[in-house]
Amino acid sequence: MNFPLYIAKRYVRSKSSQNAVNIINFITFLVIVIGSAALFIVLSGFAGLKTYSLSFSESFDPDLKASPLTGKFISVLPEQETKLQNIDGVLSFSKELEEKVYFLHNEKSHIGYIKGVDSNYNKVTSVDSTLYFGEWLLDSQRGVVGIGIANLLGLTVNNYRSPLQILVPKPKKGAVNQGGFNKTPYNQHNVVVSGMYNVAEDLDKKYLFTSLPVVQKLLEKDSLQISAINFKVDGTKNISSIKKEIAAVFNQNIVLKDRQEQNSTLHRMLNTENLATYLIFTLVLIIALFNVVGAIIMMILDKKENSKTLYYLGATIKELRKIYFVQGTLVTSIGGLVGVFIGSLLIWSQLAFGWLKINAFLAYPVEYKILNVVIVLATIIVLGLISAKIASSRISKKLITQ
């Protein structure tokens with residue numbers, strides 16, 4: 001049997017004759033349990049918030065999105081559409097045309113974006129699932145608007161008497177053209193709101209969806225010109241090869257982005273927040289694990305006579321140091337496991353019962369991930385090894401024999 005491990009396990013299980021030492025050991029173990037449980041709960045909470053935040057944008061984002069390499073618009077020929085349909089792994093694709101416009105209704109105005117989409121748009125995104133009022137009807141007269149825009153402009157569903165006015169500058173330069181000075185420098189189109197979507201505050205104030213031909217006419221574009229193509233792809237296929245085939249159809253004149261790349265800023269922000277929180281809690285754990293150093297040193301002093309006996313029986317200073325090193329490692333590892341177990345029970349209860357709520361209808365989002373379990377245990381064990389090493393190095397021949 002491993003001699004240092006055997007003695008270390010005895011020391012972990014046994015109580016000291018000094019009551020103060022027992023209290024210090026208990027507090028040290030409790031600090032490790034609470035620290036590891038807190039770190040695991042916070043990481044699980046941030047994982048849930050990340051998934052919850054991304055779920056909003058993913059309603060609008062396709063699996064892949066192709067945009068022009070240069071400029072704002074690209075022309076898609078019928079033969080190119082046929083080639084896209086024949087790519088293995090592309091389940092469906094949808095064309096869109098997006099531009100910044102001026103909304104006007106009952107002397108109220110707002111600057112947002114109009115997005116013209118074809119009939120396949122709901123096949124490549126789940127944007128229709130975000131509908132809050134009305135119906136998802138897009139045609140030459142009707143469109144779906146964000147509830148934020150509706151609140152700002154006082155819009156109601158199916159109000160044919162007071163439609164939403166859309167104004168966009170004409171692509172020609174200057175206000176003077178062939179029509180003379182009296183011709184308006186902007187194009188106008190009226191849209192009756194058929195429905196309102198509700199996702200997130202920034203997105204709710206951004207878009208009006210309508211049919212692609214309407215926007216092409218409003219922007220004075222032909223039927224081939226669009227601003228992007230959205231793709232729904234088979235997740236079991238190789239995404240990189242699908243990207244190469246799509247790019248080849250357009251002679252490499254497009255930029256292809258997956259969902260993470262489409263929301264790169266949001267992903268970076270969420271990952272930075274997650275990392276910052278982990279580092280802050282790790283710093284707290286480092287401070288807390290100074291208790292481990294103190295507890296092991298107290299144990300060394302309390303077991304000084306036992307150590308002296310072992311030394312005279314033939315144990316080396318290296319073996320004595322290893323005893324207390326293993327003891328410290330066992331205490332931190334067991335404390336970390338207990339803490340993660342308690343944290344797991346709390347996360348599972350939140351997932352099952354939603355006892356902690358943001359509001360009366362929405363439970364605080366959490367997510368149980370094995371990666372977080374590994375991160376917490378690895379952090380606790382590494383810090384525990386360092387603490388145990390520092391404390392056990394106090395063992396010396398002079399301390400034992402004096």
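As a basis for the values below, the full set of heavy atoms in this structure was taken, side chains included, without hydrogen atoms, waters or symmetry mates. When a residue number appears, it is its place in the shown sequence, counting from 1.
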Practice prompt. Test side-chain contact (heavy atoms from CB on, under 4.5 Å) on Asp88 and Lys237 and set out the steps.
Written response: CA-CA 8 Å; Asp88 184 30; Lys237 303 294 182 179; 3.7 Å; yes
Discussion item. Evaluate Lys123 against Phe93 for side-chain contact (heavy atoms from CB on, under 4.5 Å), listing each step before the verdict.
Written reply: CA-CA 8 Å; Lys123 296 180 182 178; Phe93 67 89; over 6 Å; no
Worksheet item: Should Gln165 and Phe103 be marked as a side-chain contact (heavy atoms from CB on, under 4.5 Å) after you check the CA-CA gap, both sets of side-chain angles, and the distance that decides it?
Response: CA-CA 6 Å; Gln165 292 179 289; Phe103 297 124; over 6 Å; no
Practice prompt. Take Glu201 and Lys205, measure what salt bridge (Lys or Arg N to Asp or Glu O under 4.0 Å) needs, and give me the verdict at the end.
Written response: CA-CA 6 Å; Glu201 185 177 359; Lys205 295 179 180 179; 3.5 Å; yes
Fill in: Criterion salt bridge (Lys or Arg N to Asp or Glu O under 4.0 Å) on Lys50 and Glu273, from CA distance to verdict
CA-CA 10 Å; Lys50 181 178 180 180; Glu273 289 179 351; over 6 Å; no
Item to complete: List the steps, then state whether side-chain contact (heavy atoms from CB on, under 4.5 Å) holds for Phe250 with Gln80.
Response: CA-CA 8 Å; Phe250 295 96; Gln80 290 176 316; 3.8 Å; yes
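Leu30 CG to Ile27 CD1: the interatomic distance, rounded to the nearest 0.5 Å, is 8.0 Å. Separating the CG atom in Asn122 from the CG atom in Asp128 is a distance of 4.0 Å, to the nearest 0.5 Å. In this structure, the separation between CG on Asn120 and NZ on Lys232 is 12.5 Å, given to the nearest 0.5 Å. How far CE of Met196 is from OG1 of Thr130: 13.0 Å, rounded to the nearest 0.5 Å. Atom CG of residue Leu346 and atom CG of residue Leu356 lie 10.5 Å apart, to the nearest 0.5 angstrom. Annotation: the span from Asn271 atom CG to Leu266 atom CG amounts to 9.0 Å, rounded to 0.5 Å.
Inter-residue side-chain proximity for Ile226 and Gln216 is flagged as met; some heavy-atom pair is nearer than 4.5 Å. Val376 is listed as a side-chain neighbour of Val340, based on a closest heavy-atom distance under 4.5 Å. Put simply, the side chain of Ile166 reaches to within 4.5 Å of the side chain of Leu208, judged on heavy atoms. In this structure, Ile111 and Tyr102 have side chains that are in contact, with non-hydrogen atoms separated by less than 4.5 Å. Counting only heavy atoms from C-beta outward, the side chains of Leu64 and Lys243 approach each other to under 4.5 Å. Residues Leu164 and Leu155 have side chains in contact (heavy-atom distance under 4.5 Å, counting atoms from C-beta outward). Taking the side chain as every heavy atom from C-beta outward, Phe60 and Leu203 approach each other to under 4.5 Å. Proximity of Ser227 to Glu96: side-chain heavy atoms (C-beta onward) are separated by under 4.5 Å at one or more points.
Within 6.0 Å of the CZ atom in Phe341, the count of heavy atoms belonging to other residues, nucleotides or ligands does not exceed 12. Counted within 6.0 Å of CD on Gln188, heavy atoms from surrounding residues, nucleotides or ligands total more than 12; the atom is thus considered enclosed. Open room surrounds CD on Glu107; 12 or fewer heavy atoms of other groups in view lie less than 6.0 Å from it. Enclosure of atom CD in Glu261 by more than 12 non-hydrogen atoms of other residues, nucleotides or ligands within 6.0 angstrom is indicated.
Side chains of Glu367 and Thr51: a donor-acceptor N/O pair is present below 3.5 angstrom, by distance only. Using modelled atom types, one finds no donor on one side chain facing an acceptor on the other under 3.5 Å when comparing Asp139 with Ser211. The closest side-chain donor-acceptor pair between Thr156 and Asn159 falls under 3.5 angstrom.
Closest non-hydrogen pair, Ala363 versus Gly354, comes out as CB-CA, 3.8 Å. Taking all atoms of both residues into account, the shortest heavy-atom contact from Asp63 to Gln262 is O-NE2, 4.2 Å. Of all the heavy atoms in Pro78 and Leu224, the pair that sits closest is CD-CD2, 4.4 Å. Residues Gly143 and Leu138 come closest through the heavy atom pair CA-CD2, 3.9 Å. Residues Pro62 and Thr125 share a closest heavy-atom pair of N-CG2, 4.0 Å. Residues Leu256 and Ala247 approach most closely at CD1-N, 4.1 Å, considering heavy atoms.
One N or O on the side chain of Ser194 and one on the backbone of Leu137 form a donor-acceptor pair closer than 3.5 Å. Not one N or O on the side chain of Asp204 forms a donor-acceptor pair closer than 3.5 Å with the backbone of Ile147. Not a single donor-acceptor pair under 3.5 Å links the side chain of Ser126 to the backbone N or O of Ser129. For Asp234 (side chain) and Thr236 (main-chain N/O), a donor-acceptor pair under 3.5 Å exists by modelled atom type. The main-chain N or O of Ser94 is never found under 3.5 Å from a side-chain atom of Asp118 such that the two would form a donor-acceptor pair. His189 places a side-chain N or O within 3.5 Å of a backbone atom of Ser140 that can act as its donor or acceptor partner. Listed for the Ser333 side chain is no donor-acceptor partner under 3.5 Å among the backbone atoms of Leu330.
Partners of Glu245 according to the salt bridge (charged side-chain N to carboxylate O under 4.0 Å, His left out) rule, which considers only residues two or more places apart in sequence or in another chain, do not exist here. With sequence neighbours left out, the side-chain contact (heavy atoms from CB on, under 4.5 Å) criterion links Lys244 to no other residue. Applying the salt bridge (charged side-chain N to carboxylate O under 4.0 Å, His left out) test to Asp222 and every residue at least two apart in sequence or in another chain returns nothing. With sequence neighbours left out, the side-chain contact (heavy atoms from CB on, under 4.5 Å) criterion links Val192 to Arg142, Tyr160, Pro163.
Taking the six-membered ring where the residue is Trp, the centroids of Trp136 and Tyr197 are separated by 6.0 Å or more. Checked against a 6.0 Å centroid threshold, the rings of Tyr52 and Tyr364 do not count as neighbours.
Listed by first and then second residue, the ring-ring contact (aromatic ring centres under 6.0 Å, His included) pairs involving residues 367-386 are Phe40-Tyr368, Trp348-Tyr368 (not counting sequence neighbours). Screening residues 274-286 for side-chain hydrogen bond (donor to acceptor under 3.5 Å, both in side chains) gives Tyr278-Thr379 as the qualifying pairs, with residues at least two apart or on separate chains.
Glu99 pairs in a salt bridge (Lys or Arg N to Asp or Glu O under 4.0 Å) with only one of the listed residues (Lys221, Lys115, Lys72), which is Lys72.
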